[in-house]
Amino acid sequence: MKLSAPIRTLTAAALVTSGLLAMPAATAAPTAEPAAAAPDIPVADVKAHLGELQSIAEANGGNRAHGRPGYKASIDYLKGKLDAAGFTTSVKEFNSGGATGYNLVADWPGGDEGQVLMAGAHLDSVSSGPGINDNGSGSAAVLETALAVSREQLKPAKHLRFAWWGAEEQGLVGSRNYVNSLPDADRSKISGYLNFDMIGSPNPGYFVYDDDPAIEKVFKDYFAGLDVPTEIETEGDGRSDHASFLDAGIPVGGLFTGAGNTMSSEQAQKWGGTAGESFDRCYHSACDTTENINDTALDRNSDAIAHAIWQLSS
């Protein structure tokens, strides 16, 4: 049988040109998944912890100071909550002023242990009062954020570690002891430390640490989303536990609502506070009780803590 035309071999390009073969769709470059949104931290739950810390102080001479029974009882309360939530906890002892001090450290299982994100607060009060704003507020908010990590069964890319420091009021003793006792290899694994010391001041400002630009941006962007203006924290600069980490070359950040300094008229207009009064009129005083808390500031800052943990650990 005679063919009327010679057989031709068609290339893939020819087949596409002829319409016999479809052009494959371009493969999109992979994109990183956005970090999951942090859950709301119920301010009522944070305040419940503050109520417990107040009760502990009342049952132990009116304070939760280093070397006093109220401080150890505070450690035991937090440790019980964290153990029940699935954290691996450890209590690390140190000595200061002839008294035994305690740091509580809680690790959440999983995440890259070569990249550790830490959040912490000092748990001790001064001897003159129960220390509910200073610093039950930061301690309770960090605790409730840790419990939210457990409730959500968060699976962060980085390893999460929470800590509560002793003897901060004696000169950052607990946090310095912790950082200085870490082997160099372990210290180098800490990618960031977030500090929360006084976040419920009754005449609150909204201050953000400016020690690390990336961490600072996370907090400032969060408050900008609430239409709450912020200022750079200067009153307590170097006076809280972040200094122990900063001095070791670890990136730090944090939040603060003000202590004994006076709110200016410009700040009062910005934040709706009272000009000419201290941010915390009960700073280091017996009246630093559960009545010495601004619920709105405590709520906003607690949610900001969770937001930063979720973002920076992803």
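Just so you know, these numbers come straight off a predicted model, no measurement behind them. Hydrogens, waters and symmetry mates play no part in the numbers below; they use all other heavy atoms, side chains included.
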Looking at [Y] and [X], is any side-chain nitrogen of the basic one under 4.0 Å from a carboxylate oxygen of the acidic one?
X    : Y    : value
D247 : R176 : yes
D76  : K79  : no
E144 : R151 : yes

Query raised in the report: Is the W108 ring parallel, tilted or perpendicular to the F87 ring (thresholds 30°, 60°)?
Result: tilted
Answer yes or no: is there a side-chain heavy-atom contact under 4.5 Å between [X] and [Y]?
X    : Y    : result
D197 : R239 : no
Y102 : L123 : no
N301 : T257 : yes

Please list every donor-acceptor pair under 3.5 Å in which a side-chain atom of residues 219-227 meets a protein atom from a residue at least two apart or in another chain.
residue: K220; atom: NZ; partner: E216; partner atom: OE2; Å: 3.4
residue: D221; atom: OD2; partner: K217; partner atom: NZ; Å: 2.5

Query raised in the report: Okay, side chain of N133, backbone of G200: is any donor-acceptor separation there less than 3.5 Å?
Result: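 Pair found, side chain donor or acceptor close to backbone of G200.
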Report summary line: Interatomic distance, CE@M198 vs CD1@I293, rounded to 0.5 Å, equals 9.0 Å
Report task. List in chain and number order the residues that pass ring-ring contact (aromatic ring centres under 6.0 Å, His included) with Y178, two or more places apart in sequence or in another chain; answer none if no residue qualifies. Result ->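 Checked Y178 against ring-ring contact (aromatic ring centres under 6.0 Å, His included); matches are W165.
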Query raised in the report: Which residues pass the ring-ring contact (aromatic ring centres under 6.0 Å, His included) test with H242, sequence neighbours left out?
Result: Y209
**Report entry** Shortest non-hydrogen contact from S244 toward V179
**Finding:** O-CG1, 3.7 Å
Query raised in the report: Is the number of heavy atoms from other residues, nucleotides or ligands under 6.0 Å of K81 NZ greater than 12?
Result: no
Query raised in the report: Is there a side-chain contact (heavy atoms from CB on, under 4.5 Å) between L104 and L82 once you walk through the steps?
Result: CA-CA 10 Å; L104 172 62; L82 293 159; 4.0 Å; yes
